[in-house]
Amino acid sequence: EDGLPEKQRDYVEKAHGSARNLLQILNDILDISKIEAGQMVLERIDFELESVVGEMADVLGLKADEKGLELLFSASSDLPTRLVGDPSRLRQVLVNLGGNAIKFTDRGEVVIDMDIESQSEEHVVLHACVRDTGVGLSEDEIGRLFQPFIQADSSTTRRFGGTGLGLVISRQLVE
């Protein structure tokens, strides 16, 4: 215990959560602005794929636990262990996709699969797939899914928060 009365602790936790949400909104707006201005520069550094996946699992695992969801990972046995690229942006895409699945799944599971889409002597294209037991989307909602500031329905922002930019940023980073 840190000695704070319960009511004050509640206020501090709410303020902290609000600050985290505001920071995420600001980061999303900065990212989308950089991408649209052609100023997003992806790093090209050596990294361990397992480290990126582990960090993603840490972030998503907490969110899944809070909702009582099972978070499962499946990876092809032939995935390379070391890559050259931008581990921060890869993690950002995986967390955005997995986080969205967790946000919109009330019970059951979220599964993240990763395998190789294509590979040559010098390049590898990874394929990540996120499946969940959520309610799903209509064809119309799927068509709007990766558009800026668009969410499945008007109540989504009020119910779940967010900017509607996470999937747009993910799509643009992948492209």
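Side-chain atoms are counted along with the backbone in the values below, which use heavy atoms only and exclude waters and symmetry mates.
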**Asked** Do the side chains of V84 and L79 join up, straight or via other hydrophobic residues, at under 4.5 Å, putting them in one cluster?
**Response**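 In one cluster: no.
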
task: Establish whether V53 and V59 are linked, either directly or via other cluster members, by ILVMFWY side-chain heavy-atom contacts under 4.5 Å.
output: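 Same hydrophobic cluster.
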
(message) Please determine whether side chain to side chain contact (heavy atoms under 4.5 Å, CB included) holds for the pair E43 and R89, giving the CA-CA distance in whole Å, both sets of side-chain angles, and the decisive distance to 0.1 Å.
(response) CA-CA 9 Å; E43 284 190 298; R89 296 304 180 177; over 6 Å; no

**Item:** Closest heavy-atom pair and its distance - T133, G108
**Value:**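 Scanning both residues, the minimum pair turns out to be OG1-CA, 3.3 Å.
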
Minimal non-hydrogen separation, L71 against A57, with atom names: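 So the minimum-distance heavy-atom pair works out to CD2-O, 4.4 Å.
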
Using atom types as modelled and distance alone, determine if a side-chain donor or acceptor of N96 lies under 3.5 Å from a backbone N or O of L167.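 Checked: no pair found.
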
Under 3.5 Å, is there a donor-acceptor pair between the side chain of E13 and the main chain of D10?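 A pair under 3.5 Å: no.
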
Connecting only ILVMFWY residues whose side-chain heavy atoms lie within less than 4.5 Å of each other, what is the rest of V111's hydrophobic cluster?
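Hydrophobic cluster check, V111: joined to L72.
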
Between R131 and D113, does the side chain to side chain contact (heavy atoms under 4.5 Å, CB included) criterion hold? Intermediate values first, please.
CA-CA 8 Å; R131 293 180 285 117; D113 294 313; 3.1 Å; yes

- Message: Using a 6.0 Å cut-off, check whether atom CD of E175 has over 12 heavy atoms from anything other than its own residue.
- Response: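 Above 12, so yes.
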
Minimum side-chain heavy-atom gap [X]-[Y] below 4.5 Å:
X    : Y    : answer
D132 : E109 : no
I116 : H127 : no
L49  : M114 : yes
D106 : L69  : no
M40  : D31  : yes
S74  : I112 : no
F73  : M56  : yes
D115 : D78  : no

message: Quiz question: by atom type and distance under 3.5 Å, do the side chains of Q92 and D86 form a donor-acceptor pair?
response: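 There is no such pair (donor and acceptor under 3.5 Å, judged by atom type) between the side chains of Q92 and D86.
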
Would you list the pairs meeting salt bridge (charged side-chain N to carboxylate O under 4.0 Å, His left out) in which at least one residue belongs to residues 48-64, sequence neighbours left out?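 Only E48-R82, E55-R91 qualify under salt bridge (charged side-chain N to carboxylate O under 4.0 Å, His left out).
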
Do F47 and V52 pass the side chain to side chain contact (heavy atoms under 4.5 Å, CB included) test, and can you show the C-alpha distance, the side-chain angles, and the key distance before you say yes or no? CA-CA 8 Å; F47 70 94; V52 171; 3.6 Å; yes

Inter-residue atom distance [X].[atom1] - [Y].[atom2], 0.5 Å rounding:
X    : Y   : atom1 : atom2 : value
E6   : Q8  : CD    : CD    : 11.5 Å
I45  : L83 : CD1   : CG    : 11.5 Å
R107 : K67 : CZ    : NZ    : 11.0 Å

Go through it in stages, so that I can follow the logic: the residues are L94 and L60, the test is side chain to side chain contact (heavy atoms under 4.5 Å, CB included), and I'd like the CA-CA distance, side-chain angles, deciding distance and then a yes or no.
CA-CA 9 Å; L94 294 172; L60 296 179; 6.0 Å; no

